[in-house]
Amino acid sequence: MPKEYYDHTAVETKWQHAWEEARLFLGTQKKGQDLVQKQYLLFAFAYPSGSGLHVGHVESKTALDIVARYDRMNGKDVFFPVGWDAFGLPAENYAIKTGVHPAETTKNAINTFRRQIKRLGISYDWDNEIATNNPGYYKWTQWIFLQLYNKGLAYQKDGKVNWCPSCQTVLANEQVVEGLCERCDSEVIQKDMKQWYFQITKYKDELISGLDTVDWPEPTKAQQLNWIGKKTGIEVTYPIKGSDKSITCFTTRPDTNFGATFVVLAPEHSLAIEVAQENATVAAYLEAAEKKTELERQQEGKKKSGAFTGLYAVNPLTGRDMPVWVSDFVLGSFGTGAVVGVPAHDVRDFQFVKFVNLQVTSSAEKIEVIRVIEATDGDRSDITATEHVYEDDGVIMNSDFLDGLSVSKAQEKIMDHMEAEGFGKRVTTYRLRDWLISRQRYWGTPIPVVYDPEGNPHPVKEEHLPWQLPTDVDFNPTGESPLKSSKEFIARTEKLYGKGWRPEFDTMDTFVDSSWYYLRYVDSRNTESLAISEQLNKWLPVDLYMIGPEHIVLHLLYSRFFTKFLRDEGHLAFDEPFGKMRHQGMILGPDGKKMSKSKGNVINPDEIIEKFGADTLRVYEMFMGPLEADKPWDVRAVIGVYKFLQRINRLVSSPTTTKDEDISLTQVLHQTLKKVTEDIPKLKFNTAIAELMKLSNAWEAAQKSGADMTVSQKEIVAKMFAPFAPFLADELYHQVTGVADTDFVHTSSWPVFDPELAKAQAVIIPVQINGKVRAQLEVASEDIADEDGILERARTTEEIQKYLQGKEIKKEIYVPGKIINLVVV
RNA sequence: GCCGUGGUGGCGGAAUUGGUAGACGCGCGAGACUUAAAAUCUCGUGAUAGCAAUAUCGUGUGGGUUCGAUUCCCACCCGCGGCACCA
């Protein structure tokens, strides 16, 4: 490094230690104290992975740290805690591979993360650090379980669960990705087990309505809504011809029911199973369908298959006989497990008809396609190809008393009619299912339940909490819960509850741990309660939550459920845990692809810090682009930021050559201050940094002509850098002001810009002829309202005159302060 | 297939209640300093044509609205993320 460069390592370690020594950002819980203006900033609970901090962590942590430092300088009470989502499968899998105990792995990983984060200069309040594997924490995870249990919201249920043969554990439906295990990509099979569930569905309607009260990105809300999946539709009952039986189908499009021409049962439907007793074709089909995995059924989605039951259902609207088929494109778990087919207005139905009509021999068995909606372009032609299937809005036709109505009006009318005639019943369905929390794993919070000798579950007594995770455990997978191998665990249970009693051997889904951590922070060392109400209601809800898009559905939904439950229990006085939420984008490798070890495109933050310093890493990542966008890493651009910080250091720390302000430089300074002040709360860090770069350019130019900033102006510059490059900023602040090393730029107050100085002095107004810029007018800012005068000037400008020769001005447009357009012919 | 989201120079990006497209940075080119290099500084840098002034084109593609469109409307193409054939 050249001599004139400041030594980033020396500067950064110096201030890191000075802040630590001064306990600068600690003790912010403020128990028993009033708050000026609270600002609870929360970073998504991080899993301390063995590979250490990732540049993606750096991005979101830095973004929040900028807000934290800025808000503190603006006099707010900032609460910015940190903790670890420390239970989880990776540590257990690592233990299985290497024999190193998960507790050991986790401790080491946390130490690494802690060191890296401190080196980055994130101004966390480490006093409140928590980790979910700490008994002092999971005591309260278990306590919440007991509260849910007492209210009947934690219950056991038998049923098919997703079983991952590799992880040897059960997965929630939500954790199965395209039939594969979310974590290890093994194919998931179905298995019967007794499991613990939380009844999140109790809150389904409030989980919907609460979204109206939070400041979240709209697409995030939409994803939550889709996940909950509230749908209003109608169950229509069709009698079966020549029988006293009937089939009930659920549909959201009853408006198309005059075009219904067939019915399909899921292979799991009871009637299908009944028919299979005497119909060999159907029996064979059911057998084949049962063998298919969820994945196969998905993959074969477009390739329809099925078997005819020989039955006909009667459409009461038309009197038409509708053949009843069995097909696995209909899901047994959704609606009623039976669907009425309208091939003209549903692509899947049309494809099924195509399959059937190729299959059957007699034309009487072929299924008809009847159009009942006229397209918005007036198209009423027959539907003969998949591309013509019309699923959109339009005008109803071929539908007796519905003809001429819009889709939505027809839906209301037909549902009224079906209910009045007694063959339909309006129903609301939800996609959301209860939350399966049992895991047959070691490295998690033990479920606080014991079983009496008859096998009946009983909650662990509260005085026995924390119900400790045993350590004498063989965590190698055997297909059974690892906790079964602990002698201590069983002995403990018998000692406390009696001979023949057994503990629950399953642990909880780690999503349970992370569904309430934001509550614990505000009173993190409390041994009597999960946190006292006064602290909870003082700090929460969270004012800014920064999480990656991968947590949009599950974590948020579960956290919101816990918050609502604890509110109902009287512990919380708010309904939603996270007021404002924003997402950071992904930092991609230099090749524009997602970073991964296998692609070899991973950028290690430690290396960047060593070469260029934490300030450079921070400023670079903030300068890459908008926070929420995915951005590729550019190795060379990092150096550009490094040089920029070196230049700022040079400019601020060089001897001040003037006492008098240079007015134009002062104006630029205040314009910069205005922009930075406005951009930080909007999280528009990339443009704020661009503005600071412009300032350094203007400053350098001013120096060449003999001008300089005054000492107090340099102080403003140092303060503006404090949120972005906190180490350099403190170094410069001390150089400029000469304050003692026990004072810090981070405890100084944010400078206030002068609106007069920040205002542009003169406005450049482009003059267009027929929309093309031909000249520019410089107009003093006090004159911009003078429309006539400005238009006159525009017309008489020399460059404009030549375009007006022999032409007539048809129209003159003046947008004050923005543009002039002369329309000529 | 469905849902969401995005597409702007060689690259990252800036600018949208419709008003000079390309701020800022990277890269590249030329120059200054230097024995030389590094570092630093200066100038230039959307494309095409031209010595130049300048002209024309230009924000994924094709239309439309408008005095004026990256921004609004319609259709389409491509990338990314998510997914549950959800009736």
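Below, chain A is the first sequence line, B the second, and so on; all start at residue 1. Quick note: numbers below take in every heavy atom, side chains included, and nothing from hydrogens, waters or symmetry partners. Values in this document were obtained by computation on a predicted structure and should not be read as measured data.
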Checklist entry - Using a cut-off of 4.0 Å between protein heavy atoms and nucleotide atoms, how would you tag nucleotides 63-68 of chain B 5' to 3' with B, S and -? => result ----B-
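With A:Asn601 contributing its side chain and A:Asp591 its backbone, the two residues share no donor-acceptor pair below 3.5 Å.
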Checklist entry - What pattern of brackets, bars and dots sums up RNA chain B from 5' to 3', given Watson-Crick or G-U wobble pairs under 3.5 Å, [ ] for crossing pairs and | for another strand? => result (((((((..(((......[....)))((((((.......))))))((((....))))..(((((..]....))))))))))))....
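In the set B:rU5, B:rU20, B:rG19, the nucleotide with an atom closest to the side chain of A:Val815 is B:rG19. The side chain of A:Val773 sits closest to B:rU20 out of B:rU20, B:rU5, B:rA23. Closest to the side chain of A:Pro626, out of B:rU20, B:rG13, B:rG27, is B:rG13. The A:Ile819 side chain lies nearest to B:rU20 when the options are B:rG27, B:rU20, B:rA15. Nearest nucleotide to the A:Phe623 side chain, out of B:rG13, B:rG25, B:rU5: B:rG25.
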Give every pair of a protein N or O atom and an N or O atom of nucleotides 41-50 of chain B that lie under 3.5 Å apart, one pair per line with the distance.
{"unit_1": "B:rC41", "atom_1": "O3'", "unit_2": "A:Lys704", "atom_2": "NZ", "d": "3.2"}

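Within 4.0 Å of A:Lys643, counting heavy atoms only, lie sugar-phosphate atoms of the nucleic acid but no base atom.
Tested against A:Phe644, the residues A:Tyr620, A:Phe721, A:Phe724, A:Phe623 include a single ring-ring contact (aromatic ring centres under 6.0 Å, His included) partner, A:Phe721.
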Checklist entry - Passes side chain to side chain contact (heavy atoms under 4.5 Å, CB included), A:Leu265 versus A:Val330? Steps please. => result CA-CA 7 Å; A:Leu265 306 175; A:Val330 175; over 6 Å; no
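A distance of about 9 Å separates the C1' atoms of B:rG22 and B:rA15, rounded to the whole Å. As rounded to the nearest Å, B:rG60 and B:rA14 have P atoms that lie 14 Å from one another.
OP1 or OP2 of B:rG25 lies within a sub-4.0 Å distance of a side-chain N or O belonging to A:Asn697. For A:Arg433, no side-chain nitrogen or oxygen approaches OP1 or OP2 of B:rC86 to under 4.0 Å.
Nearest-nucleotide positions on RNA chain B place A:Lys694 closer to the 5' end than the other of A:Lys694 and A:Arg774.
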